[in-house]
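Structure first, commentary second.
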Amino acid sequence: MTERRHSSNSVLLRIALTLFAAGLLAIAAIFLVPAVGGNEPPLWLYLTAMIAAPLGFVLALVYALMSGRRAR
């Protein structure tokens, strides 16, 4: 049972890190698009930055709380 719980926690951590990294890349792209192309960034880039980074952060916090040991 411990192995199964550990693998599901590992999947949660990978999802959290992927979402957070995607959000950070979207934030960087928001600043780079006007500098390189001179156009405004598209709406989907703003939405990705607003949803992916905070959601990844929250999932990482959930992972940390779930994987922590209980005090005796």
Side-chain angles (χ1 to χ4, degrees):
M1 175 139 168
T2 308
E3 284 295 321
R4 185 173 183 197
R5 187 174 183 195
H6 178 63
S7 73
S8 66
N9 283 348
S10 178
V11 171
L12 179 63
L13 180 61
R14 288 182 186 183
I15 292 170
L17 290 176
T18 302
L19 282 173
F20 190 71
L24 289 181
L25 285 174
I27 291 170
I30 288 172
F31 289 106
L32 289 176
V33 166
V36 173
N39 301 336
E40 284 191 28
L43 178 63
W44 64 268
L45 206 54
Y46 285 111
L47 294 176
T48 303
M50 288 184 348
I51 293 171
L55 183 61
F57 183 74
V58 168
L59 287 178
L61 286 177
V62 168
Y63 168 78
L65 292 175
M66 286 176 51
S67 66
R69 295 185 181 188
R70 293 184 183 200
R72 292 183 191 210

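Note that the coordinates shown come from a computational prediction; the quantities given were computed from them, not determined experimentally. Computation of the quantities below employed the complete heavy-atom set of this structure, encompassing side-chain atoms and omitting hydrogens, waters and symmetry-equivalent molecules.
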Value rounded to 0.5 Å, distance of CZ in Phe20 from CG in Leu25: 10.5 Å

Is the number of heavy atoms from other residues, nucleotides or ligands under 6.0 Å of Phe57 CZ greater than 12? no

As an exercise, state the distance from CD1 of Ile27 to OG1 of Thr48, rounded to the nearest 0.5 Å. 10.5 Å

Would Leu65 end up clustered with Tyr63 when hydrophobic side chains under 4.5 Å apart are linked, directly or stepwise? no

Would a single hydrophobic cluster contain both Leu19 and Val11, if residues Ile, Leu, Val, Met, Phe, Trp and Tyr are joined by side-chain heavy-atom contacts under 4.5 Å? yes

Report whether Leu55 and Val62 are members of the same hydrophobic cluster (ILVMFWY, side-chain heavy atoms less than 4.5 Å apart, transitive linking). yes

Applying side-chain contact (heavy atoms from CB on, under 4.5 Å), can you list everything that pairs with Ala16, at least two apart in sequence or on another chain? Leu59, Ala60

ILVMFWY cluster membership beyond Leu43 - transitive side-chain contacts under 4.5 angstrom: Leu47, Met50

Sequence neighbours left out, what passes side-chain contact (heavy atoms from CB on, under 4.5 Å) with Leu45? Give chain and number order. Ala26, Ala29, Ile30, Val33, Pro41, Pro42

Which residues pass the side-chain contact (heavy atoms from CB on, under 4.5 Å) test with Leu17, sequence neighbours left out? Leu13

